[in-house]
Structures are given as C-alpha cells and as structure tokens.
2 protein chains.
Amino acid sequence: MSRAQQKERTRKAIIEAAFSQLSAEKSFASLSLREVAREAGIAPTSFYRHFADMDELGLTLVDEAGLMLRQLMRQARQRIEKNGSVISTSIETFMEFVTGNSNVFRLLLRERSGTSAAFRAAVAREIQHFSAELAHYLRKETACPDDLAQLQAEAMVTLVFHTGADALDAPPEQYAKLSNRTIMQLRWLAHGAASYGRHKLKD
Amino acid sequence: MSRAQQKERTRKAIIEAAFSQLSAEKSFASLSLREVAREAGIAPTSFYRHFADMDELGLTLVDEAGLMLRQLMRQARQRIEKNGSVISTSIETFMEFVTGNSNVFRLLLRERSGTSAAFRAAVAREIQHFSAELAHYLRKETACPDDLAQLQAEAMVTLVFHTGADALDAPPEQYAKLSNRTIMQLRWLAHGAASYGRHKLKD
DNA sequence: ACTTTGAGCTTACAACTGTAAGCCAATTTA
DNA sequence: TAAATTGGCTTACAGTTGTAAGCTCAAAGT
C-alpha cells in the first residue's frame with residue numbers, strides 16, 4: 001500500500017473514531033485527543049501527523065456533516081420532483097436523516113451554539129446552504145420575491161431543526177406526531193407568507 | 001452572622017462564580033469544580049458542603065435562568081397590556097433579555113441540546129412555561145382552539161430563540177434587522193394560523 | 001457549661017490530560 | 001543504490017482534575 005494511501009486510511013480512522021464517540025452523553029468538546037487516538041488505533045502523539053489540534057479535527061467533522069446534509073438535499077430534491085409536496089417531503093427526508101445519523105445531527109445541533117466561533121460559523125454556513133436550497137423551491141412554487149423566499153426558508157429550517165432536536169429525546173412512536181405538528185407549522189408559514197407577502201420588509 | 005446566613009451566602013457565591021465564568025468561549029460543561037470554588041473563594045472540597053456535584057449546581061443555574069425568564073414574561077405582559085402589539089413587544093422584550101443577560105441565555109441555549117438528559121429536560125420545562133404563557137395571549141387575541149394556540153406559540157418561541165442565538169454572534173447594529181426579520185416571520189405564522197386554522201390537526 | 005454539629009480548611013492521591021523530544025523503519029526520491 | 005522523507009512509536013513531563021480523609025473551631029443545642 002502506498003504511503004499516501006496509508007496516511008489517508010488512518011486519517012479516516014481518526015475521523016471515524018471521533019464520530020463514533022459522539023453520543024447523547026458525549027459532545028465533541030468532551031472528546032479527548034488521547035481517547036480518539038486510542039480508538040483509532042494510533043499513539044496519542046501520532047494524531048498530530050494528521051491534525052494540528054482537536055479543533056482542526058472538529059472542523060473536519062462539521063464539513064463532513066455538511067456533506068451528508070447536502071447529499072440529503074439531493075435526495076430530497078428527487079423526491080420532491082416525484083412527490084410534489086415540498087413541505088411534507090422535506091421534513092420526512094430530514095427526519096430520516098436525524099434518526100439515521102443522530103450523532104452527525106447532534107454535532108451540528110450542538111456546535112451551532114458551541115464555544116468555538118469557528119465551529120459556529122461553519123455550522124451556520126452549512127445550514128445556510130440548506131435553506132438556500134429550500135428557498136429555491138419555494139420561489140419556484142410560490143413565485144414570491146427572492147428575499148421573502150429566503151426568509152421563509154430560514155424560518156422553516158429553524159422549525160425543522162428544532163423538531164429534529166425534539167425527536168432525539170422522544171420515543172420513536174412519537175416521530176409521526178412531531179412531524180405532523182411541524183408540517184402544520186410550516187403550512188401556516190407558507191400560507192401566511194403567500195398572503196401576507198405583499199407587505200414590505202423593513203431593515 | 002448566623003450559621004445559616006453564612007452558608008447561604010457562600011452558596012450564592014458559588015452560583016455567582018459559576019455564572020460569571022460562563023461566556024461565549026466557556027460552556028457549563030467546561031467549568032471545573034476547582035475553578036468555580038477558587039472564584040467563589042472557598043477550598044475545592046468545601047464545594048461539596050453545598051452541592052453533591054457539578055450537575056446539581058448546573059440544575060440550580062438552569063432553575064435560576066428559568067426564574068429570570070419568568071420575570072421577563074411578567075415584564076412583557078405589562079408592556080403588552082399597555083402597547084397592544086403582542087408580537088413586536090414580545091420579541092423586543094426578549095432581545096433585551098438576550099443582550100442584557102447573554103450568559104444566562106447562552107446557558108439555556110446550550111443545555112437545551114447538551115449532554116445531560118436532566119439538563120435538557122429542565123430547559124425544555126422552562127421554555128414550555130414560556131410558550132404556554134404566550135399561547136395564553138394568542139388565545140385571547142385570536143380566539144383559536146387551545147392546541148392550535150399552543151402549537152403556534154411553540155413555533156414562535158422557537159423562531160425567537162433562534163434569533164436570540166443569532167444576535168449573540170451579530171454586531172449590535174444588526175439587532176434591529178434581526179428583530180424585523182423575525183417579526184415578519186411571526187406575522188406570517190399568526191396570519192397563516194388564523195386563516196388556515198380550520199384544518200384539523202392530525203396525530 | 002458541655003456537647004454536638006457542620007462549614008471550611010489542608011493534605012494527599014490516583015487518574016487523566018496535551019504535547020515536547022527523539023528514535024525507527026519503510027517508502028519515496030535522487 | 002544511497003539519501004531523504006515521514007508516519008508511527010515510546011518515553012517523559014508538567015499541569016489539571018475530582019474527591020477521600022481528617023482536622024479546626026465557632027455556632028447551636030442541651
């Protein structure tokens with residue numbers, strides 16, 4: 001195996017180890033370099049051959065999470081084309097993401113309000129992508145001005161994220177209820193924005 | 001000074017010390033018992049005369065924060081009586097709270113999705129109070145069914161909290177813009193809920 | 001007046017942390 | 001083939017952490 005391949009392999013192992021140690025009870029901030037290195041099967045100091053410090057690893061994890069989010073959007077896009085309903089399709093897709101990759105979602109959720117400004121900015125960027133994408137659809141469907149669509153999309157994403165967070169602490173039999181509640185909220189938003197949209201946005 | 005008085009005094013000192021160490025860069029989880037004790041002016045082991053562990057202190061802080069939130073609601077109630085506009089008065093009051101007690105708000109914001117289930121539950125309870133109170137007003141103003149008012153209030157609180165979080169990372173000259181954006185979103189919600197409310201809520 | 005209580009202290013320990021210094025061996029380059 | 005590079009290792013150190021054990025001494029109780 002080539003040198004570069006091997007290096008990439010253990011780099012992946014580190015990332016993998018970090019993700020696998022995240023849980024409901026353990027946040028990224030509470031991971032230790034030594035623990036991660038141990039699980040990745042390397043000596044503590046070897047960690048530095050790949051990342052300058054834990055922060056650099058953390059940003060990598062956030063990027064990785066953002067990537068998954070973008071894959072999710074692609075998936076949602078296809079479903080919307082087929083299904084038609086933007087709102088319920090979006091939230092269904094998102095809930096699948098949350099329940100299927102709860103640690104990844106938790107990372108975004110926590111670092112969004114974490115102690116590192118860089119992390120917060122990184123997460124905000126990823127979420128921004130997400131809602132811009134949604135705004136695109138809203139524009140197409142409701143034909144409202146760009147900034148209104150964006151504002152509407154941001155509100156929707158906020159509500160959906162919050163529902164995802166709730167789902168993490170709820171038993172699975174409540175997922176449907178949570179989704180339905182959120183769908184109702186999103187419909188209110190869409191309806192309100194459509195009929196109330198003529199009012200100008202002040203700044 | 002009586003024994004009990006003195007005890008209460010250092011207890012307050014511990015709580016005070018903990019709050020004062022919270023910041024944008026430091027979360028409750030990253031506080032250490034020893035640091036807190038040092039700032040409170042007691043020996044590390046004396047901490048245990050007041051709290052079984054840091055978790056117990058944390059729950060106390062959350063309760064304290066909830067108290068401030070409830071005081072805030074009382075204040076908002078008065079303002080609403082006088083001013084009339086539920087939405088803009090509410091968010092203005094809330095933004096004052098966020099900017100004036102940013103560490104307290106940050107505590108709630110972070111522990112809402114933190115690593116302790118007990119903390120999460122405690123914060124959820126406080127926020128629940130908050131939105132129930134808002135629901136009360138919505139019911140009075142829009143005369144819609146109880147569960148719809150509650151659902152609407154929860155959406156509103158979610159959006160307002162999120163705006164508060166944004167404000168923490170934004171320069172003060174953007175507060176007005178953030179507020180206006182959120183007011184717009186809340187109006188959409190209110191408008192949508194009012195005209196769309198006849199549709200039944202499934203579960 | 002005598003005893004009990006308990007807040008706060010000092011000392012001590014074992015566990016863990018991040019990371020510096022430097023060696024080894026295998027791949028890559030010249 | 002010889003030299004250079006580098007991923008991974010071991011060892012080591014200084015710092016921090018939570019908390020156990022036990023003392024002191026002033027307030028409270030009898």
Side-chain angles (χ1 to χ4, degrees), chain A residues 1-23 25-62 107 110-111 114-119, chain B residues 1-23 25-62 107 110-111 114-119:
Chain A
M1 191 169 7
S2 96
R3 192 105 132 172
Q5 278 178 332
Q6 178 56 34
K7 176 158 188 182
E8 187 56 23
R9 178 172 297 206
T10 73
R11 188 190 145 95
K12 292 282 186 205
I14 293 173
I15 294 174
E16 177 72 22
F19 265 126
S20 94
Q21 292 192 358
L22 294 177
S23 71
E25 296 79 26
K26 199 140 196 165
S27 69
F28 180 78
S30 66
L31 296 188
S32 86
L33 183 152
R34 290 178 103 107
E35 268 181 320
V36 171
R38 205 177 304 134
E39 178 152 340
I42 59 173
T45 49
S46 300
F47 178 92
Y48 296 108
R49 302 288 186 193
H50 302 270
F51 300 97
D53 49 28
M54 285 294 282
D55 278 15
E56 203 172 294
L57 171 60
L59 287 177
T60 305
L61 294 192
V62 172
L107 178 74
R110 285 175 175 156
E111 298 311 326
T115 53
S116 156
F119 282 33
Chain B
M1 190 171 3
S2 96
R3 192 103 133 167
Q5 278 178 330
Q6 178 55 35
K7 175 157 188 180
E8 187 57 21
R9 178 172 297 206
T10 72
R11 187 190 146 95
K12 291 283 185 205
I14 293 173
I15 293 174
E16 177 73 21
F19 264 127
S20 94
Q21 292 193 357
L22 293 177
S23 71
E25 297 79 26
K26 200 140 194 165
S27 70
F28 179 79
S30 65
L31 295 188
S32 86
L33 185 151
R34 290 177 103 108
E35 267 181 319
V36 171
R38 206 175 304 135
E39 178 153 338
I42 59 173
T45 49
S46 300
F47 178 92
Y48 296 108
R49 302 287 186 195
H50 302 269
F51 301 96
D53 49 28
M54 285 293 284
D55 277 16
E56 203 172 294
L57 170 59
L59 287 176
T60 305
L61 294 192
V62 171
L107 178 75
R110 285 174 175 157
E111 298 312 325
T115 53
S116 155
F119 281 34

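The model shown is predicted, which means the values in this text are computed figures rather than measured ones. So that the names make sense, note that chain A is the first sequence line, chain B the second, and so on, each numbered from 1.
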Between [N] ([atom2]) and [X] ([atom1]): distance, integer Å:
X: B/Q5; N: C/dA7; atom1: CD; atom2: C1'; result: 15 Å
X: B/R9; N: D/dA27; atom1: CZ; atom2: P; result: 14 Å
X: A/H50; N: D/dC9; atom1: NE2; atom2: C1'; result: 12 Å
X: A/I42; N: C/dT19; atom1: CD1; atom2: P; result: 14 Å
X: A/F51; N: C/dT19; atom1: CZ; atom2: P; result: 15 Å
X: B/E8; N: C/dG8; atom1: CD; atom2: C1'; result: 17 Å
X: A/K7; N: C/dA26; atom1: NZ; atom2: P; result: 19 Å
X: B/F47; N: C/dA7; atom1: CZ; atom2: C1'; result: 15 Å

Could you tell me the separation between the [atom1] atom of [X] and the [atom2] atom of [Y], rounded to the nearest 0.5 Å?
X: B/T10; Y: B/I14; atom1: OG1; atom2: CD1; result: 5.5 Å
X: B/E111; Y: B/L61; atom1: CD; atom2: CG; result: 9.0 Å
X: B/E16; Y: B/R11; atom1: CD; atom2: CZ; result: 13.5 Å

Requested in this report: Could you please spell out the steps behind the side chain to side chain contact (heavy atoms under 4.5 Å, CB included) verdict for A/H50 and A/E56?
Outcome: CA-CA 9 Å; A/H50 302 270; A/E56 203 172 294; over 6 Å; no
Requested in this report: Tell me, please, which residues at least two apart from A/F19 pass ring-ring contact (aromatic ring centres under 6.0 Å, His included).
Outcome: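 Per chain and number, A/F19 pairs via ring-ring contact (aromatic ring centres under 6.0 Å, His included) with no residue.
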Query - Phosphate OP1/OP2 of D/dG7: any A/S46 side-chain N/O under 4.0 Å - result: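 No, A/S46 has no side-chain N/O under 4.0 Å of OP1/OP2 on D/dG7.
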Query raised in the report: Which parts of nucleotides 14-25 of chain D does protein reach within less than 4.0 Å, heavy atoms only, written one letter per nucleotide 5' to 3' as B for base, S for sugar-phosphate only and - for none?
Result: ---BBBBB----
Requested in this report: Could you tell me whether a side-chain N or O of A/D55 sits under 3.5 Å from a main-chain N or O of A/G58, the two making a donor and an acceptor?
Outcome: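 The answer is no, because no donor-acceptor pair under 3.5 Å joins these two groups.
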